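Please read all numbers here as calculations on a predicted model, not as lab measurements. Values reported hereafter were calculated over all heavy atoms of this structure, with side chains retained and with hydrogens, waters and symmetry mates removed. In the text below, chain A, chain B and the rest are named by the order of the sequence lines, each starting its count at 1.
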Amino acid sequence: MILVFGEEFERDVTYELVALAKRLGDYKVVVSEDFDDIDGDVIRVERLNWKVVKELHDRFKPEGVLFANAPSGMDLAPKLAGITGIPMVTNVIKLENGDRFKATSLTYGGKVLVDLEVDKPSIFVVNRGYYDPNEGRGTPKVERLDLDFEDDVELIEVVKPEEDVDISKAEVVVSVGRGIGDESNIELAKELAELLNGVVAGSRPIIDQGWLPKSRQVGRSGKTVTGKVYIALGISGATEHVEGVKAKNVIAVNTDRDAPIFRIAKVGVVADVNELLPVLIEKLREIKS
Amino acid sequence: MDMLLNRLKELTNNKYFQCIQCGTCGGSCPYGAYTPYTPRRMILAIRLGMVEDILNSNAQWLCTACQTCTSRCPSRIQITDGIIPALREKSLLEGKVPEELSTALINIMRYGNPFKESPMKRDGWAKELDFEVPTMMKKKSAEVLLLPECFGAYHRRCKQATKALAKVMKILEVDFAILGREERCTGDHVRLCGEFALFEDLMEKNMKVFRKYEFKYIVTHDAHAFNALKNFYGLNVLHHSQFLHDNLEKLKGMFNELDYTVTYHDSCYLGRKNGIYEEPREVIRSIPGVRFVEFKRNRENALCCGAGGGGIWLDSVMREFVKVRPAEDRVREAKEVGADVIVTGCVLDIPMFEDALKVTGLDGEIVVKDIAELVLEALEGG
Amino acid sequence: MRIGVYVCHCGRNIADVVKVRELVEFAKRLDGVAVARDYKYMCSDPGQELIVRDIKEHNLDRVVVCACSPKMHEKTFREALKRANLNPFLFQMANIRELCSWVTQDHEKATEKAKAYLKSAVERVKLHEELEVRRVRINPRVLVIGGGIAGITASLLLANSGVKVYLVEKEPTIGGKMAKFDKTFPTLDCSACILTPKMNEIKDNPNITLLTNSEVIDVKGYVGNFKVKIWRKPRYVREDVCNSCFDCIENCLFEKPEFPSEFDEGIGKRKPIYIPFPQAVPPVPIIDPNTCMWLNGKKCSRYCMEVCEPKAINFDDRGEEIEVDVGAIIVAIGYDLFDARKIERYGYKKFSNVFTAIEVERMLNSSGPTGGEVIVNGKRPERVAIVHCVGSRDEGNRVYCSRVCCMYSIKLARLIRERTNAEVYNFYIDVRAFGKGYEEFYKKALEEGIVFIRGKVAEITDHPINDYEKSEVEKGRVIVVAESTLSNSIVRLPVDMVILSVGMEPPKDLEKIKRLLKLSTTPDGFLAERHPKLDPVSTTTEGIFIAGCVQGPKDIPDSVAQAKASAGDALTLIERGEIELEPSVSEVDKEKCSGCGICVPLCPYHAISMVRYNGRMRAEINPAMCMGCGVCASSCPSRAIKHNLYTTEQIRAEIRALLA
Amino acid sequence: MRIGAIVRIVPDLVMGIEIEESEIVPFKYVPNERDEHALEEAVVFKEKTGGNLEVVGIVDDELRDDEAMEEALALAYAKGADSLKKIVLNRRTFDRREVARAIADHFKDYDVVMVGIQSIDSFAGYLGGILSGVLGYSYVGGVVGVDYDGGLIVQKELGGGVVGKFRVKTPAILGVVSAERPITFVPLVKLRQAMKEMKVEEIEVEVPDMGGIEVVRFYEPEKPEITLLEGDVEELADKLVEVFKSLSLV
């Protein structure tokens with residue numbers, strides 16, 4: 001049996017864990033919030049802390065435990081491993097079940113993959129973005145468990161970024177450069193960002209012109225973006241700028257097919273941003289509605 | 001405090017005591033209107049024992065080391081190479097370093113370049129050429145040692161200038177070589193930022209490498225490297241504009257016509273600091289078809305690009321104080337005199353001006369070229 | 001030989017450290033010492049009397065005094081010897097104060113060192129010979145070089161006391177810089193009104209020979225007996241017959257003045273034949289050979305010659321060499337103004353808005369080129385900036401303060417404000433209003449609303465950085481950039497007119513004069529005085545005096561005062577009729593001299609020349625010009641030159657005793 | 001307040017690594033970046049509380065004298081560490097469970113221990129978290145700030161720029177992701193001085209063999225090729241929408 005601990009703070013990752021668990025065999029999903037579309041057996045607990053994790057682990061004695069490489073998963077997994085002494089693999093991007101688990105971990109800053117064979121029982125901390133969350137959706141069978149253990153760590157306050165977002169932490173960043181033309185087009189970029197649940201950012205010239213606040217600057221004298229997707233619109237890709245782009249996927253739109261930004265892009269689109277954006281936004285709106 | 005005073009005495013030859021508080025420095029400073037401490041006020045504050053006030057204001061970081069104040073100071077006080085680095089050193093020792101600069105310094109200390117690039121890849125630019133650029137390690141001796149310095153070696157845009165220079169050397173059939181992975185930062189910015197120990201360490205390591213090989217002189221297109229090698233390492237070094245000038249007779253016979261209106265930007269460490277004004281101008285003027293116009297502020301009165309003395313890593317500090325960057329003012333000035341090409345004397349100028357062109361919306365109207373790029377274009381036929 | 005040795009206590013100065021008694025005992029044991037004594041103050045009258053008495057009573061023939069530096073009292077003791085009828089040069093001093101008691105607290109070491117000096121002096125004095133003081137007669141005439149206010153003042157003072165004066169001026173008129181000014185500070189009285197009467201006095205004084213348009217080309221001789229050659233450049237108009245009707249100027253081929261006037265600093269124009277300014281002295285026109293058609297070999301009907309009734313025009317004037325004999329020379333060649341083009345960032349000669357102060361002086365002068373109007377680019381300025389310290393207090397240019405610029409800047413500010421009602425801004429480092437009535441003058445300027453901004457101007461530019469400045473520059477203004485150091489702000493002030501308050505420089509002719517008169521200069525390039533405080537008008541060369549700004553920047557009152565002082569010194573010299581010459585000079589033994597000539601260029605006083613002696617060229621030293629420095633003696637390869645008071649034997653004896 | 005900070009060294013990715021099937025061969029080591037943040041935060045915390053800071057280097061026997069370890073400790077000393085220790089593991093292991101057990105005895109005397117949340121060469125654990133499990137201490141990872149008001153208040157990243165403030169019982173171990181201020185630059189002159197002056201207590205420990213994880217092979221991920229899209233705007237927009245879908249953005 002696989003025991004999945006849902007992610008408390010970035011709940012959407014939970015679906016990805018369920019998608020993986022499904023492939024590994026029987027599973028139960030432990031969550032501390034209401035989910036109405038998780039596929040399979042769901043155990044609803046009041047709180048998710050290490051004492052609860054330990055209790056459920058002892059109760060179900062799973063062959064594998066899955067956590068997300070996310071704020072609560074990265075705290076609870078090693079604690080459990082420390083207490084129980086069972087093997088733990090982190091940064092997992094692929095996992096198969098068999099006599100032993102076969103895991104692949106992404107390490108050395110993404111430069112190295114390592115294939116591992118892991119004895120059962122064991123713990124896995126799974127990276128985001130490798131399993132389709134939709135596969136984890138379905139109809140849940142919810143069981144409520146009344147476990148409310150005192151914890152040595154207590155959340156006292158959640159601080160949202162003041163008025164402006166922190167682009168360095170955002171998963172999706174829509175970034176604009178000089179190729180955007182004039183200031184009015186910033187609105188189009190903002191709209192695209194909204195449609196993709198992302199935030200808007202810019203290269204230095206845009207910030208210097210006062211079209212976006214300084215907090216939105218990407219690059220050496222601005223911030224480094226580390227999220228999942230970085231969409232560069234009309235950015236040529238000067239060294240100073242590229243230094244601040246550490247997102248996993250870069251999508252670049254530029255009229256110049258030799259623009260250096262394409263060298264770090266996964267997908268490059270040779271087009272004029274100002275022509276492309278209205279069409280793209282229209283299409284995304286259709287899908288949304 | 002004593003350490004600061006000793007450093008000031010050493011770097012200014014005791015002259016900082018001689019300030020007559022005339023304010024020429026402040027009026028000459030590109031940031032004079034923005035900074036809470038002009039050099040004059042810094043000296044005054046030091047005399048009054050208010051050094052911490054200067055350091056807390058961050059004014060010591062608001063200097064592009066452009067040498068204008070120093071070159072004009074009637075008391076001949078070394079402000080740029082003395083007062084500022086001494087104050088910066090104190091900042092460094094107190095652990096108060098702007099983040100960008102801090103990162104650059106850590107990288108230079110660890111990897112010999114500010115970009116956190118591998119020293120192994122220092123000759124990466126040469127591999128992008130369709131001919132082989134020999135290394136000293138292989139050749140042992142050459143007439144010319146070509147030194148691209150960090151920006152020329154790693155920076156995507158500056159590399160283009162390095163490649164152009166190498167191509168010109170090849171066309172001129174110059175016997176040249178590079179140090180490749182044995183090269184490391186020459187450290188002029190490091191020195192101007194007050195990290196004297198690191199500068200000396202770099203110098204020591206570099207000198208060890210230089211001594212291994214035989215060459216007649218070094219050629220570099222980095223004005224700061226030129227300055228460090230000439231005035232601190234004491235080596236025989238030519239700025240590439242001098243090198244091109246020396247070969248002008250030969251080049252003239254090969255030039256094709258170019259249809260440009262060109263202005264030339266005097267880089268601070270070429271001009272004000274080292275008095276090289278005419279060679280680059282003569283090279284540009286000798287290209288047929290080129291119309292040469294001067295910036296209004298030229299030669300010793302030229303405005304700085306803003307990159308020097310670590311300025312390229314102090315953008316965030318500067319932004320706190322300054323509304324218009326000098327580079328932006330400079331490109332507008334180029335427009336004013338009707339130039340469509342700004343030719344630069346230092347590779348650091350290129351990214352500064354290209355950025356400024358974007359900010360001012362002049363990209364498309366004006367392009368920035370290194371003098372080697374212009375020469376190569378004339379050689380290759382426009 | 002009977003030597004008297006006297007050890008001075010100098011109060012406690014020497015006696016507290018050096019064991020005086022022990023020194024006396026030591027002296028007594030030395031060979032040749034007849035008397036040895038100590039006394040509290042040897043330089044006092046009783047101290048001197050002690051020596052005089054001993055010389056007589058003990059029949060002494062040499063004297064050694066162990067006391068302070070010979071610079072202090074050598075002369076005192078020599079006089080004492082003289083009084084005792086002993087040749088004053090049979091004397092030697094040992095400095096046991098500055099060299100012994102003042103440099104250590106160690107009694108033993110100080111005493112040992114004093115003994116060495118004492119012994120060394122004794123050994124030396126044994127070799128001293130009797131030397132004779134010689135006298136020369138003084139020519140009672142004086143040459144004054146330079147006809148500015150200093151030269152004029154000195155000449156008049158001398159002439160009025162009956163001395164014959166030659167006044168040489170290189171320009172066609174006397175008057176100097178002062179003649180160009182409109183008003184003078186701090187009284188704002190008219191410069192011409194106070195100067196021209198003096199100029200006329202020069203012209204009318206029978207004791208003064210005025211040589212304008214002339215230059216000194218050679219000076220030979222020494223104090224009391226100078227031979228001077230003067231080159232009178234061709235004027236092409238005879239001063240002796242010209243009646244100053246100026247018909248020649250009126251009738252010149254050029255109907256309008258079209259050449260830049262030197263006197264008007266290029267702002268006004270003149271013809272090839274012109275008079276620098278209406279009150280010029282002599283009131284005689286001059287023809288400029290560079291612009292005169294006829295003198296350039298071109299066609300001209302020479303109307304000037306035609307209309308001149310007294311027939312004063314003389315195109316055949318080739319100039320002449322005049323030789324005069326004088327006993328003293330006063331150098332009063334003034335100063336030059338700093339060339340503002342050297343500070344490129346101030347835009348002089350680049351922007352039509354930028355002027356130097358002297359140009360503005362000419363503009364303000366009612367007999368000047370604009371008739372007293374201040375005009376910039378064809379109109380009256382509405383805002384004017386005055387830049388102080390241009391070239392002054394600047395290690396890249398002139399390190400010293402030119403002293404007058406603050407005051408003349410304030411003067412110009414007030415005059416401009418009065419005439420144009422413009423806003424006037426003074427950019428200064430420090431206002432130095434040190435003279436009598438100067439502070440009051442400055443206060444008055446403040447009262448009149450003239451703005452003073454403390455901050456040296458960084459640059460003057462036509463590069464505007466904002467829209468306001470752009471529109472101002474379009475009005476034909478330039479922008480003055482400075483740090484206002486009192487308000488801690490950067491000032492960018494668009495103005496119609498910039499006046500550069502240029503400082504004073506040593507005149508270009510000084511190099512030549514220095515060479516001719518064997519004078520030296522101080523590090524600032526101006527003439528060196530013999531003593532900066534106590535002898536400010538004498539030079540290191542006897543018989544040559546300084547007056548005015550050639551010694552350093554000065555205002556008019558100071559120049560006049562110094563001119564009178566130098567005239568007074570010259571007068572004192574002449575009045576004496578003859579002078580004594582120090583016998584401590586060098587002599588050439590012509591038998592030993594090989595005639596190599598090495599010594600000739602080495603002599604800093606040009607006292608050595610080569611003469612024919614028994615058919616061969618031999619060196620000869622003019623004892624009147626020799627200052628006794630000894631360079632020749634030490635450099636003579638044949639050891640033919642002997643310094644009377646520093647013979648090789650004397651020096652050797654001294655060293656041997658010291659090292660023993 | 002007794003504060004501990006752990007520093008480790010890792011292969012220097014800038015200088016490059018050689019990937020062999022059975023092992024990773026580095027050219028050079030550097031202080032682990034997250035640990036540098038942990039150290040910086042520990043220094044900040046020391047300044048806030050006036051506590052005593054002990055910095056512990058953890059290194060395996062082969063690298064006990066590596067200059068990167070020396071540098072890491074010297075940096076700590078220069079920044080204000082009160083004392084320095086170096087724990088030498090008698091053998092190399094990738095498994096943080098084993099490391100945690102080996103060093104646990106030496107971390108019993110601290111109120112707060114700061115450690116980088118992870119080191120770049122790790123695929124088998126978060127050392128801080130596991131250690132907290134072994135010692136029974138509180139643990140928070142993803143730490144971006146620490147305050148003290150008589151008790152410990154820890155700021156932890158909760159994603160998307162949101163920060164959670166937690167009250168944490170001591171003793172506690174904190175997995176730091178980034179310090180609340182930029183890493184202080186230590187000038188060379190200070191670094192050299194620190195190397196000369198610092199005293200490091202060396203402790204050798206045995207690493208237990210816990211097994212359970214076996215490395216099959218190391219290899220390089222395939223480089224994602226750039227897909228360059230060209231054509232008319234309509235077409236391009238469609239293709240982009242597909243890309244967005246594949247990244248589950250829509």
Subject >> Those residues of residues 3-17 of chain D, ordered by number, that approach chain A below 4.5 Å (heavy atom to heavy atom) >> reply: Pro11(D), Leu13(D), Ile17(D)
Original post:
Can you tell me how far the NZ atom of Lys248(A) sits from the CG atom of Leu247(D), to the nearest 0.5 Å?
Top reply: 11.5 Å
Original post:
So what's closer than 4.5 Å to chain A heavy atoms on Arg217(D): side chain, backbone, both or neither?
Top reply: both
**OP:** Flag the one option from Val250(A), Ile156(A), Val158(A) with the top tally of heavy-atom pairs under 4.5 Å to chain D.
**Re:** Ile156(A)
Original post:
Quick one: what part of Val215(D) sits under 4.5 Å from any heavy atom of chain A, side chain, backbone, both or neither?
Top reply: both
Subject >> Largest heavy-atom contact set with chain D, pairs under 4.5 Å, which of Ile83(A), Asn134(A), Val159(A), Asp132(A) >> reply: Val159(A)
Original post:
Given a strict heavy-atom distance threshold of 4.5 Å, which part of Ala100(D) is in contact with chain A: side chain, backbone, both, or neither?
Top reply: neither
**OP:** Check whether Ile117(D) gets within reach of chain A through its side chain, its backbone, both or neither, counting any heavy atom under 4.5 Å.
**Re:** side chain
Subject >> Which atoms of Ile19(D) approach chain A - backbone, side chain, both or neither, heavy atom under 4.5 Å >> reply: side chain
Original post:
With distance as the sole test, does Asn91(A) use its side chain to make a donor-acceptor pair with the main-chain N or O of Phe123(D) at under 3.5 Å?
Top reply: no
Subject >> Pairwise distance CG(Asp151(A)) to CZ(Phe166(D)) - rounded to 0.5 angstrom >> reply: 9.5 Å
Original post:
Say you draw a straight line from NZ of Lys165(D) to CG of Leu155(A); how long is it, rounded to the nearest 0.5 Å?
Top reply: 11.5 Å
Subject >> Gap separating the CD1 atom of Ile123(A) from the CZ atom of Arg97(D), nearest 0.5 angstrom >> reply: 8.5 Å
**OP:** Ignoring hydrogens and angles, tell me if any N or O in the side chain of Lys79(A) forms a donor-acceptor pair with the backbone of Tyr137(D) under 3.5 Å.
**Re:** yes
Original post:
With only heavy atoms counted, which part of Val163(D) is less than 4.5 Å from chain A, the side chain, the backbone, both or neither?
Top reply: both
Original post:
Tell me, side chain or backbone of Leu127(D) under 4.5 Å from chain A's heavy atoms, or both, or neither?
Top reply: neither
Original post:
Is the shortest side-chain N to carboxylate O distance from Lys283(A) to Glu234(D) below 4.0 Å?
Top reply: yes
Original post:
Can you say whether Ser119(D) sits under 4.5 Å from chain A via the side chain, the backbone, both, or neither, judging by heavy atoms?
Top reply: neither
Subject >> Interface residue of largest heavy-atom contact number with chain D, from Asp152(A), Asp119(A), Thr104(A), under 4.5 Å >> reply: Asp152(A)
Original post:
Checking Asp232(D) against chain A: side chain, backbone, both or neither under 4.5 Å from a heavy atom?
Top reply: neither
Subject >> Under 4.5 Å from any heavy atom of chain A - which part of Arg101(D) >> reply: side chain
Original post:
Which one of Ile251(A), Ile281(A), Val172(A) has the most heavy-atom pairs closer than 4.5 Å to chain D?
Top reply: Ile251(A)
Original post:
Out of curiosity, Ser248(D) OG to Lys228(A) NZ, how far, rounded to the nearest 0.5 Å?
Top reply: 3.5 Å
Subject >> Largest heavy-atom contact set with chain D, pairs under 4.5 Å, which of Trp50(A), Tyr108(A), Phe101(A), Phe262(A) >> reply: Tyr108(A)
Original post:
By a 4.5 Å heavy-atom criterion (distance strictly below it), what part of Phe244(D) contacts chain A: side chain, backbone, both, or neither?
Top reply: side chain
Original post:
Distance from Leu277(A) atom CG to Leu240(D) atom CG, nearest 0.5 Å?
Top reply: 9.5 Å
**OP:** Go through the atoms of Ile24(D) and report whether side chain, backbone, both or neither lie under 4.5 Å from a heavy atom of chain A.
**Re:** side chain
**OP:** Ignoring hydrogens and angles, tell me if any N or O in the side chain of Thr107(A) forms a donor-acceptor pair with the backbone of Ile120(D) under 3.5 Å.
**Re:** yes
